[in-house]
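Worksheet: the structure to be examined is printed underneath.
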Amino acid sequence: MNNSILVVVLASGVAYGTPLLFAALGELLAERSGVLNLGVEGMMLVGAVMGFWAVQRIGGPGGIALVLAVGVAALAGAAIALIHAFLVITLRASQIVSGLALTIFAGGAGLSSYLGNDLNLADAPARHAFQPVDVFGLQDAPVLGPIVFHQTALVYVSWVCVVAVALYLRQTRPGLNVRAVGESPQAADAVGINVARYRYAHTLAGGAFAGVGGACFSLALTPQWVDGLTGGAGWIAIALVIFAFWRPDLCLVGAYFFGAFQALPFALQARGVTVAPELFQALPYVMTVVVLVLVSSGIAKRRLGAPGALGLPYVREER
Amino acid sequence: MKKRTSVLGAVLVAVTVTALVAATAGTAAKQATIKAAWIYVAPHNDGGWSQAHDNGRLYVQKALGSQVKTTFKENIANGPQLEQTVASLVRDGNKIIFGTSFGFFSKKLAAKYPNVLFEQATGTDQAKNLSEYFGAAEDTIYLSGMAAGAASKTGVIGYVVPFAIPEVIRHANAFALGAQATHPGAKIKLIWTNAWFDPTKEKKAAESLKSAGADVLGQNVDSPAAGQYAESVGVPWVGYDNNASKFAPKSWLTAAVYNWGPYYLSRVKAAMAGTWKSGFYYGSIKDGFTSLAPYGPGVTASTKALIAKKKAALVAGSFYEFAGPLWDQSGKLRVAKGKKLSVTDLYAMNWLVKGVIGSPKG
């Protein structure tokens with residue numbers, strides 16, 4: 001039963017959806033504060049390479065090395081996000097241009113590749129990697145076992161993060177302030193909220209989440225370093241935020257949906273069902289395009305819950 | 001406001017370009033007498049195909065020292081990017097360029113640069129200044145398939161494959177025939193990733209194959225991701241094109257590998273001496289171009305003996321895996337008893353042998 005195609009696909013949907021989930025949560029935080037960051041792919045790659053570097057260089061027990069490596073990945077992602085934050089918040093540059101530049105600068109043929117070569121990280125397996133854990137001894141439970149109770153620690157951490165982000169945005173005062181900054185920075189500023197500080201903090205947090213998302217690849221899914229390891233996950237994460245109507249809980253659903261969708265053609269092939277490979281390769285991106293088209297009209301944006309000031313630089317006294 | 005944006009954009013782009021150049025150009029030795037370049041489809045340190053070629057480049061560099069200046073370009077995709085890469089390598093004065101992936105060079109491209117010597121691995125196009133080279137990996141892949149068959153208990157073996165082209169189809173067939181030699185009736189399940197090098201897809205393919213019942217994994221793709229997965233779930237693994245045993249020390253069985261260095265050296269030397277001629281080199285187990293990587297701990301002494309015997313027969317010419325009778329997936333006789341497939345047949349192979357589960361169309 002647990003080898004049935006549905007269970008297999010859903011279980012890998014959770015595993016491969018997790019980097020998307022981390023990155024999407026981060027992007028959601030940044031966007032809720034009004035900062036669109038298209039540099040997710042670049043931040044993920046730098047997180048992946050630095051996380052891998054940390055796990056190769058930090059001694060001591062595997063568990064501690066892995067936790068520290070995830071921390072390094074988060075810091076690396078945040079450091080890249082700082083470039084974006086400085087450009088778009090302090091200098092008020094175009095968020096689109098800066099975000100795209102960030103992806104090219106930090107991405108597969110840029111900084112992450114340079115770091116990988118310079119630190120000599122390729123062609124070696126990770127010294128430690130996150131392995132699926134058997135939670136409550138339920139890994140062989142029918143259906144739910146492989147999907148819910150036999151995943152890596154990163155998956156369970158991501159669940160905690162979803163709950164934390166949802167509660168933060170909905171139930172806390174800083175969360176309320178973030179939403180105000182994203183909806184109407186003028187109003188937020190008028191009641192004494194420091195717009196720039198909030199935007200900086202959430203852009204950096206977004207980078208940290210993206211870095212952890214990248215580390216999901218280099219420390220868990222494919223524990224090695226090669227150029228472009230994340231393979232476009234950052235772009236899917238950006239679409240996912242829109243797809244999820246800027247809600248953390250729906251980010252989780254969407255991430256697992258994309259993850260399962262990418263695993264489906266392989267599971268089908270293994271069971272002798274041949275599918276046009278071009279179709280399956282293109283579909284996630286086609287869906288991304290469709291979603292972006294659907295939500296790009298102004299009315300849809302407001303209905304779907306896009307932050308009102310998303311993508312707009314805030315200048316005091318200017319309207 | 002707006003101006004500032006564009007200036008910043010320009011600065012970022014400039015920084016990016018500098019980083020790109022710094023990251024992708026690998027160079028060596030000054031005051032060279034000939035410049036030789038290699039183009040890779042994946043990173044030069046991919047742990048697989050491209051790395052094996054880069055070892056060949058380093059072999060040339062070491063042997064000729066300051067007489068040669070070698071360069072490589074990595075992560076190059078077919079199409080406009082390839083053409084730009086060739087143009088810039090020619091501009092930089094490279095006299096001989098090795099393209100190490102299927103479909104990189106064509107007669108048209110060679111005709112565009114008549115003063116440059118082109119060499120392409122795994123292709124078929126030839127011209128006055130375009131040569132082809134590859135080797136009979138099917139022989140060594142057959143031997144690696146024997147190791148896989150012997151390691152399998154259930155007789156279901158998973159094989160991760162990149163693109164449905166003749167090269168890969170003949171490799172998959174050779175692997176299946178080898179596995180069936182040590183495990184009669186073995187089934188080989190294929191999963192196409194449609195990428196030469198994509199660790200995530202390769203891992204997904206490996207996971208799917210295991211969940212569909214495979215108890216041994218093999219591959220014709222370039223990254224060691226399937227091997228890392230095999231190691232984590234305790235399943236034996238046959239690699240391809242590079243000794244990647246360090247990625248899966250316990251699961252590693254063996255792999256068919258290539259020794260590109262000596263061929264590269266002879267061609268660069270010929271280019272320097274002006275004796276270079278277009279040709280079609282098909283290396284073999286006999287001249288040492290193809291061989292098996294060292295065995296892992298899971299290969300038993302009796303399996304090693306079986307493989308050694310078969311290898312001797314291959315070298316002596318008394319055995320050939322693509323000699324008839326051979327049947328296809330549907331059970332139709334494709335090669336009659338007493339007939340043999342020629343290299344030309346192998347370069348056009350579009351059918352899978354009996355016992356392979358999967359489509360020859362990808």
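A note on names: the letters A, B, ... follow the listed sequences, proteins ahead of strands, and every chain is numbered from 1.
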State, without any angle test, whether [X] and [Y] hold a side-chain donor-acceptor pair at a distance under 3.5 Å.
X       : Y       : result
D198(B) : T193(B) : no
E41(A)  : T230(A) : yes
S211(B) : R271(A) : yes

Original post:
Where on A129(A) is there a heavy atom nearer than 4.5 Å to chain B: the side chain, the backbone, both, or neither?
Top reply: neither
Original post:
Side chain, backbone, both or neither: which part of Q131(A) has an atom under 4.5 Å from a heavy atom of chain B?
Top reply: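 For Q131(A), side-chain heavy atoms alone lie under 4.5 Å from chain B.
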Original post:
Looking only at heavy atoms, which of residues 229-237 of chain B get nearer than 4.5 Å to chain A?
Top reply: S232(B)
Original post:
Quick one: which residues of residues 244-251 of chain B reach chain A at under 4.5 angstrom, heavy atoms only?
Top reply: K246(B), F247(B)
Could you state the interatomic distance from [atom1] ([X]) to [atom2] ([Y]), rounded to the nearest 0.5 Å?
X       : Y       : atom1 : atom2 : value
D54(B)  : D46(B)  : CG    : CG    : 9.5 Å
I191(B) : I357(B) : CD1   : CD1   : 11.5 Å
W225(A) : M50(A)  : CH2   : CE    : 10.5 Å
F197(B) : E202(B) : CZ    : CD    : 7.0 Å
H44(B)  : Q51(B)  : NE2   : CD    : 7.5 Å

Original post:
Quick one: what part of K201(B) sits under 4.5 Å from any heavy atom of chain A, side chain, backbone, both or neither?
Top reply: both
**OP:** Give, as side chain, backbone, both or neither, the part of K189(B) having an atom under 4.5 angstrom from any heavy atom of chain A.
**Re:** side chain
Subject >> When P265(A), A124(A), A263(A), G228(A) are compared by non-hydrogen pairs under 4.5 Å with chain B, the top option >> reply: A124(A)
Original post:
Taking every heavy-atom pair that is under 4.5 Å apart, which of A122(A), A15(A), S12(A) has the most such pairs with chain B?
Top reply: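 Most heavy-atom pairs under 4.5 Å with chain B: A122(A).
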Subject >> Any N117(A) side-chain heavy atom under 4.5 Å of N45(B) side chain >> reply: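 When only atoms from C-beta onward are counted, N45(B) and N117(A) do touch, with a gap below 4.5 Å.
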Original post:
Is L240(A) close to F258(A) at the side-chain level, that is, under 4.5 Å between some pair of heavy atoms?
Top reply: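 SC-SC contact between F258(A) and L240(A) confirmed.
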**OP:** Give me the contact list for residues 42-49 of chain A versus chain B, heavy atoms only, anything under 4.5 Å, ordered by residue number.
**Re:**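 Checking residues 42-49 of chain A against chain B gives no residue, so none.
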Original post:
Can you list the residues that meet the side-chain hydrogen bond (donor to acceptor under 3.5 Å, both in side chains) rule with S359(B), with sequence neighbours excluded?
Top reply: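 S359(B): no side-chain hydrogen bond (donor to acceptor under 3.5 Å, both in side chains) contacts found.
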**OP:** From the options K203(B), K204(B), K210(B), select the one residue that forms a salt bridge (Lys or Arg N to Asp or Glu O under 4.0 Å) with E207(B).
**Re:**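 That would be K203(B); it is the only one of K203(B), K204(B), K210(B) passing the salt bridge (Lys or Arg N to Asp or Glu O under 4.0 Å) with E207(B).
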Original post:
Ring centroid separation for H171(B) and Y240(B), is it under 6.0 angstrom?
Top reply: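 Aromatic pair counts; centres sit under 6.0 Å.
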Subject >> Partner of W49(B) under ring pair (Phe, Tyr, Trp, His ring centres under 6.0 Å), chosen from W196(B), Y40(B), Y258(B) >> reply: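 Running ring pair (Phe, Tyr, Trp, His ring centres under 6.0 Å) over W196(B), Y40(B), Y258(B) with W49(B) returns exactly one hit, Y258(B).
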Subject >> Trace of the side-chain contact (heavy atoms from CB on, under 4.5 Å) decision for I157(B) with F175(B) >> reply: CA-CA 10 Å; I157(B) 298 167; F175(B) 184 81; 3.7 Å; yes
